[in-house]
Amino acid sequence: MAKEKITGAKALMRALQAEGVKTIFGYPGGSIMPTYDSLYDYTRGIKKSFDHILVRHEQAAVHAAEGYARVSGNVGVALVTSGPGATNTLTGVADAMLDSTPVVVIAGQVAIGALGTDAFQEVDLVGVAQPISKWSYQIRHAEDVAWAVSRAFYIARSGRPGPVVLDFPRNAQVEEVEWEPKKVDFVRSYVAYPKLNEDAVRQAADLINSAQRPLALVGQGVELGNAQEELKAFLEKADIPAGRTMLGLSALPSDHPLNMGMLGMHGNYAVNLKEQECDVLIAIGMRFSDRVTGNTKSYAKQAKIIHLDIDRSEIDKNIKTDVAVVADCKESLPALTALLRKNRHRQWRESFRELDQKEREKVIEPAIHPQDGPLLMGEVVNSVAEQAPRGTVLVTDVGQNQLFATRYFRYPEKRSICTSGGLGTMGYGMPAAIGATFGTDRTVCCFMGDGGFQMCIEELGTIMEQQSPVKMILLNNHYLGNVRQWQDMFWKRRKSFTKMLNPNYELIAQGYGIAYAAVTDRQQLAAAVQQMLATPGPFILECAIKEDDDVLPMTPPGMNVNDMMLEV
């Protein structure tokens with residue numbers, strides 16, 4: 001019997017179905033029009049397989065796919081056209097690469113016969129995407145569609161996840177092919193899951209069993225590996241206090257007794273200082289970012305370093321390790337836990353308390369419970385965190401809003417944070433929050449500064465059309481706040497082009513038909529937050545923030561982690 005012949009565009013639809021795709025974020029254009037024509041039939045009627053979310057800018061399509069992937073654990077999908085449509089996605093691709101987020105970007109391209117002729121909206125997408133993606137490939141003929149899509153999803157989701165870019169020339173979309181599904185679960189030379197080295201596990205266990213002051217550093221790799229329960233079993237058996245990276249904040253519940261706070265430049269005081277006192281440091285699914293280590297020449301020199309990571313390239317890249325366990329933490333953590341002695345490090349754990357109390361008195365209480373003066377970012381975040389339903393997903397933009405929000409929000413459940421860590425992409429917040437609402441039915445709260453809000457303000461159109469129930473908290477201080485803080489601290493208060501003249505956000509909210517409230521006084525705050533959370537659908541809560549509100553503690557750039565400042 002002859003096989004069914006269909007176009008490459010229809011083959012793409014079937015291949016996406018085979019991968020379990022339910023939601024696509026995209027923006028049509030000339031070179032991807034055959035695919036969008038096929039998509040029409042798959043988004044309505046009895047053949048409906050996908051929800052297509054029309055964003056207002058292609059960069060937002062990738063950020064929305066990232067937010068979807070972060071909270072759902074599935075691969076996010078973005079569909080765009082060629083030329084500027086494709087290049088507009090590249091910031092999102094780079095963001096996903098640095099933060100290990102599994103997304104597949106499918107972009108139209110001119111027909112292969114026109115490649116190299118400077119045809120209208122032609123760009124070498126594979127060439128420009130290769131350095132910032134896990135895999136980049138051009139589907140030159142319809143017969144390659146099923147294989148390429150299956151391979152793309154396998155690479156995106158397996159091992160250390162990341163973005164894949166598929167360039168889809170117009171001829172491959174309209175050519176006909178005999179449909180035959182493909183399943184790729186092996187790629188030669190690509191080892192997604194390294195074999196666990198049992199000798200390395202034993203060496204790590206010996207170091208931990210003999211440690212007097214062990215400290216774990218928990219990264220997003222625990223979330224990506226779905227190893228949250230394995231992490232708790234590991235920490236609890238050996239009684240190991242733990243700090244979490246910004247991207248790993250929900251890998252260990254905020255209220256877990258072994259959770260000692262957030263690592264990094266603006267993390268918690270005790271856990272950062274204790275990195276310079278521990279005798280064994282266990283890094284789990286994290287990459288020793290410069291924002292965590294500070295000055296690498298003096299970082300944790302007193303400690304034996306154990307590094308658990310699925311990506312061998314991260315080993316010894318920034319910090320020299322004594323024992324490396326290269327494997328999926330879903331496998332390596334239980335293997336290590338089995339060799340650990342039941343232990344208690346009460347005195348070591350209690351040594352964190354004095355430093356924690358110092359931070360609480362000097363920084364936290366003044367930030368979340370100020371007695372007078374203008375509204376502060378910390379108290380807004382705290383008010384939302386106190387009233388939001390358990391398991392609420394935190395989404396942030398980048399800047400002071402991100403640092404205050406990640407510090408003072410709460411994470412009782414896994415996969416509860418979406419933020420741009422490695423690339424620090426302003427404009428990430430709103431589209432990522434849109435994507436998150438399609439990846440979970442939990443409440444989604446998105447904190448943004450006035451700078452980042454205006455970098456993605458067009459996505460209010462997407463929210464309006466989809467009625468995405470994003471609770472948007474706009475922390476408005478009329479400054480590019482984080483840059484302003486650095487200018488004040490390190491550039492002699494020379495505020496070079498960080499002051500912002502902002503629009504009337506209430507009128508903008510009215511224009512998009514989105515519920516809005518403003519808070520200018522802390523007496524209004526609790527009621528306004530309650531109103532926001534109780535209102536069905538999207539909501540913008542604008543908070544007038546003190547202009548020179550600073551994020552503290554802070555480790556100055558290039559300094560040692562134990563040089564962390566509690567006050568300016």
Side-chain angles (χ1 to χ4, degrees), residues 1-26 28 31-43 46-52 61-62 65 68-69 74-82 86 89 93 96 102-113 115 125-126 129-130 133-159 161-190 192:
M1 181 182 294
K3 294 177 182 176
E4 181 185 9
K5 297 192 84 172
I6 59 175
T7 66
K10 288 185 178 179
L12 176 65
M13 298 299 110
R14 294 193 182 182
L16 293 176
Q17 281 181 313
E19 296 299 332
V21 173
K22 302 297 183 186
T23 306
I24 299 170
F25 304 93
S31 291
I32 198 66
M33 206 170 291
T35 293
Y36 265 90
D37 185 67
S38 292
L39 180 62
Y40 183 89
D41 294 329
Y42 285 82
T43 55
I46 59 173
K47 287 181 65 176
K48 181 175 179 179
S49 299
F50 312 118
D51 287 316
H52 177 273
V62 188
Y68 174 88
N74 299 319
V75 178
V77 178
L79 181 64
V80 300
T81 194
S82 64
T89 68
V93 172
V103 297
V104 171
V105 176
I106 303 164
Q109 179 61 279
V110 302
I112 60 172
L115 289 175
L125 180 61
V126 171
Q130 275 182 336
S133 62
K134 198 174 175 187
W135 185 51
S136 182
Y137 181 76
Q138 187 173 81
I139 306 174
R140 296 175 67 86
H141 297 286
E143 64 192 35
D144 299 325
V145 170
W147 169 84
V149 171
S150 181
R151 180 179 168 118
F153 276 77
Y154 171 68
I155 291 174
R157 66 164 63 100
S158 63
V164 170
V165 175
L166 293 178
D167 196 35
F168 199 13
R170 186 181 177 91
N171 65 285
Q173 298 175 54
V174 298
E175 289 171 358
E176 289 196 335
V177 62
E178 291 185 344
W179 168 250
E180 183 179 352
K182 303 286 185 182
K183 183 64 177 176
V184 175
D185 55 13
F186 170 79
V187 176
R188 190 175 63 183
S189 79
Y190 168 57

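Bear in mind that the values here come from a model prediction, so they are computed numbers and not experimental data.
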Trainee: Walk me through it: do Val145 and Phe168 pass the test side chain to side chain contact (heavy atoms under 4.5 Å, CB included)?
Mentor: CA-CA 9 Å; Val145 170; Phe168 199 13; 3.8 Å; yes
Trainee: Under the side chain to side chain contact (heavy atoms under 4.5 Å, CB included) rule, what do Phe25 and Thr23 come out as? Steps first, then yes or no, please.
Mentor: CA-CA 7 Å; Phe25 304 93; Thr23 306; 3.6 Å; yes
Trainee: Does Glu4 pair with Arg14 as a salt bridge, N-O distance under 4.0 Å?
Mentor: yes
Trainee: Indicate yes or no: at least one non-hydrogen side-chain atom of Arg140 is less than 4.5 angstrom from one of Leu115.
Mentor: yes
Trainee: Considering only heavy atoms from C-beta outward, does the side chain of Val164 approach that of Phe153 to under 4.5 Å?
Mentor: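 Contact flag for Val164/Phe153 side chains = no.
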Trainee: Can you tell me how far apart CZ (Arg151) and CG (Leu166) are? Round to the nearest 0.5 Å.
Mentor: 10.5 Å
Trainee: Heavy-atom distance under 4.5 Å between the side chains of Val149 and Leu12, does that happen here?
Mentor: yes
Trainee: Less than 4.5 Å apart, any side-chain heavy atom of Ile6 and any of Met13?
Mentor: no
Trainee: Evaluate the side-chain proximity of Thr7 to Val174: yes if any heavy-atom separation is below 4.5 Å, no if none is.
Mentor: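 Heavy-atom side-chain distance check fails, nothing below 4.5 Å.
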Trainee: Looking at OG1 of Thr35 and CD1 of Ile106, how far apart are the two atoms once the value is rounded to the nearest 0.5 Å?
Mentor: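 Thr35 OG1 to Ile106 CD1: 8.0 Å, rounded to 0.5 Å.
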Trainee: Does the salt bridge (Lys or Arg N to Asp or Glu O under 4.0 Å) test come out yes or no for Arg157 and Glu19, once each step is laid out?
Mentor: CA-CA 11 Å; Arg157 66 164 63 100; Glu19 296 299 332; 3.2 Å; yes
Trainee: Between Thr89 and Ala86, what is the shortest heavy-atom contact and its length?
Mentor: OG1-O, 2.5 Å
Trainee: Could you check whether any side-chain N or O of Ser150 sits under 3.5 Å from a backbone N or O of Ala146, counting only pairs where one atom can act as donor and the other as acceptor?
Mentor: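 Not at all, since once roles are kept as given, no pair shorter than 3.5 Å links the two residues.
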Trainee: Any chance the side chains of Gln130 and Ser136 put a donor and an acceptor closer than 3.5 Å?
Mentor: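 Checked: Gln130/Ser136 side chains show no N/O donor-acceptor pair below 3.5 Å.
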Trainee: Is the distance between the ring centroids of Trp135 and Tyr154 under 6.0 Å?
Mentor: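 Between Trp135 and Tyr154, which both carry aromatic rings, the centre distance is not below 6.0 Å.
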Trainee: Would you name the heavy atoms of Pro169 and Ala111 that are closest together and state the gap between them?
Mentor: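 Distance-wise, the nearest heavy atoms are CB-CA, 4.3 Å.
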Trainee: Flag the pair Gln173 / Ile32 as yes when at least one side-chain heavy-atom distance between them is below 4.5 Å, and no otherwise.
Mentor: yes
Trainee: Side chain to side chain contact (heavy atoms under 4.5 Å, CB included), that's the test. Do Val165 and Val93 meet it? Break it down for me.
Mentor: CA-CA 8 Å; Val165 175; Val93 172; 4.0 Å; yes
Trainee: Is the shortest side-chain heavy-atom distance between Ile24 and Leu39 below 4.5 Å?
Mentor: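 Ile24 vs Leu39: side chains touch.
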Trainee: Could you go through the ring-ring contact (aromatic ring centres under 6.0 Å, His included) check for His52 and Tyr36 one step at a time?
Mentor: CA-CA 10 Å; His52 177 273; Tyr36 265 90; 5.2 Å; yes
Trainee: Nearest heavy-atom pair of Lys47 and Asp41: which atoms, and what distance?
Mentor: CB-O, 3.5 Å
Trainee: Between Gln109 and Ser31, is there a side-chain donor-acceptor contact under 3.5 Å, judged purely by atom types and distance?
Mentor: no
Trainee: For a quick test of reading the model, state the closest non-hydrogen atom pair linking Ala11 to Val177 and the distance between them.
Mentor: CB-CG1, 4.4 Å
Trainee: Please name the pair of heavy atoms, one in Lys134 and one in Tyr190, separated by the smallest distance, quoted to 0.1 Å.
Mentor: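 Distance-wise, the nearest heavy atoms are NZ-OH, 2.8 Å.
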Trainee: Using a 3.5 Å distance criterion without hydrogens, assess whether the side chain of Asn171 forms a donor-acceptor pair with backbone atoms of Ile112.
Mentor: yes
Trainee: Sub-3.5 Å donor-acceptor pair from the side chain of Thr43 to the main-chain atoms of Tyr40, do we have one?
Mentor: yes
Trainee: Ignoring hydrogens, what is the shortest heavy-atom contact between Glu175 and Ala142? Give both atom names and the distance.
Mentor: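 Shortest heavy-atom contact: OE1-N, 3.1 Å.
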Trainee: Given side chains that start at C-beta, do those of Leu16 and Phe50 come closer than 4.5 Å, heavy atoms only?
Mentor: yes
Trainee: Around Lys10, counting heavy atoms of other residues, nucleotides and ligands shown, do more than 12 lie under 6.0 Å from its NZ?
Mentor: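 Atom NZ in Lys10 is not crowded, with 12 or fewer foreign heavy atoms closer than 6.0 Å.
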